[in-house]
Amino acid sequence: MKPVHLNHQKIKKAAMALTFILGLFLPMVTLPAPSFTQSVLTEVSLEASTATIPAFELITRVEADYLRLEDLARIPGLTLTTHPSRDLKTLKIGTQQFFIMPSTDGRLNVLDATGRETWHSAFRENGADYVERDFLVTIGQSALLEKPANGTPEHEHSAATANSEPELAAPLLASAENSLPMVPSANTPAENEGQAAITTNAAEAVTAPADIPVLCYHHLLLEAEMSPLQKINAAIVSVEKFERDMAYLKSKGVTTLTMAQLQAHLKGTWTAPENSVVITFDDGYQSVYRYAYPILKKYGFTASMFVVTGTVEAAPVAWDPSQTVKISWAEMNKAKNVFEYHPHSHALHGLSSSGVPLALALDEISLKADLQMATGLLTDKGFNKTRVYAHPYGVHDARADQVLNGFGYVMAFALGDAPASASDVPFALKRYGVFPYTGTGSFDRMLER
């Protein structure tokens, strides 16, 4: 069986152009991702008899040998189920559980029980799904690797495949580039001291975790400070409106969550209170320290700031409302009783000479170097203990996600006028943008659970 291959370079270029246009000028529109805790599933196979050892047909590609996913259902004790209305399959064996689903960029992903991508490559062809042969090791079936597929001697199988010219396959999920050292992962479960205790017993999660609205602000200015152009800039919210927003949320009994709490809630190891939200600020403007910090403190709220670490000032800069002044390390430290800080890249918040977001235009080595710098700077200052990232312009691809995974990141935010959901891929969580025209009715809809 020969796989049919698409021109991935052309597909990638077209996808990059479309993602850029949508990410900059329109809210990201995505289909609802499947719920991993959905209980109503349709069985596509039953447990196989233990009388015989299953044999599998191997599909050889340049990077690995692959097994047909449906064939794994022959393994005793393994079940493979498919969601009745979504493109999602669930594989269970013993205490292990995996989800197989396509991503928005066309890749087929193998996710673990928490919804995180694994390092196993997979692909779809002619309606069938295939997973790399070494997946058998992960599910404790390595003994099956000793038996060549279909009883064919290994040397005969190799000879047969050697007679046909191999074709390039889709890019691997995991890169072989490991020249850059990884910053050690932080194990601290809470970003701030005094944070509510998080229960780690996953058995307590009996239903799908409720979606959590994540609000995204950028820049704040007093109405009297705004120039005519600033007044029509959707990224600038007046201080007066921000005060009204926080007062309204307080009147609704809102609880603000830290990133560690959000992660625990979405994983199902802790349940957030009713009317919980996460408040975030992108880009790291000094105006957030100057105006949002005292207002948040007044209402007893916490928030997260995603900073472009390469633009953080070494020392506080004189306030100038006509300029987009960035926050300093000293100011960040002063506000850490309200804010936690995470990277919005080190120097990727920009466009290439051809107008493509740098996160898509640069190679994987550059992405690693940038994240290493951002992570190191924040870690040295005692920040980013729960490793969370915000994609510049909300765009990302498989390379960026794997780099984040390699540095121990557990969540990342893209775009999308929707709440963060346990059914989302953790490196593509959604946020609600808050703009000058966002009113109380919008907040009411965000708080619906």
Side-chain angles (χ1 to χ4, degrees), residues 20-28 214-249 277-299 301 303-332 334-335 338-339 341-342 344-345 347-351 355 357-358 390-395 413-417 431-443 446:
F20 172 58
I21 293 171
L22 294 177
L24 289 180
F25 302 108
L26 294 173
M28 186 70 75
V214 182
L215 312 182
C216 179
Y217 291 88
H218 287 79
H219 191 23
L220 302 179
L221 287 176
L222 291 167
E223 290 178 355
E225 293 175 322
M226 291 188 189
S227 68
L229 286 178
Q230 288 173 329
K231 288 181 178 179
I232 62 173
N233 187 332
I236 302 177
V237 171
S238 73
V239 178
E240 292 84 352
K241 173 183 163 37
F242 181 74
E243 169 93 41
R244 292 193 299 270
D245 290 351
M246 297 303 103
Y248 185 73
L249 293 178
V277 303
V278 176
I279 300 174
T280 68
F281 294 83
D282 278 7
D283 302 339
Y285 295 112
Q286 188 191 55
S287 66
V288 178
Y289 169 74
R290 183 180 180 89
Y291 296 125
Y293 172 50
I295 294 173
L296 291 167
K297 195 173 179 181
K298 170 183 173 181
Y299 290 104
F301 290 159
S304 296
M305 186 185 298
F306 291 98
V307 298
V308 181
T309 55
T311 66
V312 175
E313 299 288 350
V317 176
W319 173 246
D320 183 352
S322 67
Q323 304 295 321
T324 51
V325 181
K326 293 303 182 73
I327 197 169
S328 67
W329 294 110
E331 290 163 329
M332 289 169 61
K334 288 180 182 178
V338 168
F339 283 97
Y341 304 98
H342 305 280
H344 199 28
S345 82
L348 298 185
H349 203 287
L351 305 176
L358 292 175
H391 299 291
Y393 303 108
V395 300
F413 291 94
L415 297 175
D417 192 30
R431 292 185 287 176
Y432 288 105
V434 182
F435 309 104
Y437 49 81
T438 303
T440 56
S442 296
F443 284 122
M446 294 175 193

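Quick caveat: nothing in here was measured; it's all calculated off a predicted structure.
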- Task: Just jot down the side-chain contact (heavy atoms from CB on, under 4.5 Å) partners of L296, sequence neighbours excluded, or say none.
- Result: F242, M246, I279, F281, A292, F301, A303, V338, F339

- Look up atom CD1 in I236 and atom CD in E225, then write down how far apart they are to the nearest 0.5 Å. 10.5 Å

- Task: Output the distance between atom CG (D417) and atom CZ (R431), rounded to the nearest 0.5 Å.
- Result: 12.5 Å

- S328 and V312 have their tightest heavy-atom pair at C-CG1, 3.8 Å

- Query: Which value, rounded to the nearest 0.5 Å, describes the distance between S238 atom OG and E243 atom CD?
  - Reply: 10.5 Å

- Gap separating the OH atom of Y248 from the NZ atom of K241, nearest 0.5 angstrom: 11.5 Å

- Item | Close side-chain approach of P321 and L222, heavy atoms under 4.5 Å | no

- Note on the structure: Nearest heavy-atom contact between A335 and Y341 is CB-OH, 3.4 Å

- Query: When you check the side-chain N and O atoms of H349 and D283, is any donor under 3.5 Å from an acceptor?
  - Reply: yes

- What is the distance from atom CD of E313 to atom CD of E331, rounded to the nearest 0.5 Å? 9.0 Å

- With no hydrogens and no angle check, is any side-chain donor or acceptor of Q230 less than 3.5 Å from a backbone partner on L221? no

- Task: Check for a donor-acceptor pair, side chain of T280 on one end and backbone N or O of L215 on the other, with a separation under 3.5 Å.
- Result: yes

- Task: With side-chain contact (heavy atoms from CB on, under 4.5 Å) as the test, would you mind laying out the steps for Y217 and D245 before giving the verdict?
- Result: CA-CA 11 Å; Y217 291 88; D245 290 351; 2.9 Å; yes

- Message: So which atom in S322 and which in D320 form the shortest heavy-atom distance, rounded to 0.1 Å?
- Response: OG-OD1, 2.7 Å

- Step by step, would you call K334 with Y289 a side-chain contact (heavy atoms from CB on, under 4.5 Å)? CA-CA 9 Å; K334 288 180 182 178; Y289 169 74; 3.4 Å; yes

- Under 3.5 Å: donor-acceptor pair, side chain of Q286, backbone of V317: yes

- Shortest non-hydrogen contact from A390 toward H344: O-ND1, 2.8 Å

- Task: Check whether any side-chain N or O of K326 sits under 3.5 Å from a backbone N or O of V307 as a donor-acceptor pair, and report yes or no.
- Result: no

- Quick one: CG on L358 to OH on Y393, what's the gap to the nearest 0.5 Å? 7.5 Å

- How are the rings of Y285 and H219 set relative to one another: parallel (under 30°), tilted (30 to 60°) or perpendicular (over 60°)? tilted

- Task: For residues P436 and A234, report the shortest heavy-atom separation together with the two atoms involved.
- Result: CD-O, 3.2 Å

- Message: ring-ring contact (aromatic ring centres under 6.0 Å, His included) for W319 and Y291? Distances and angles first, verdict last.
- Response: CA-CA 12 Å; W319 173 246; Y291 296 125; 5.7 Å; yes

- Query: Is a donor on one side and an acceptor on the other found under 3.5 Å between the side chain of Y432 and the backbone of M446?
  - Reply: no

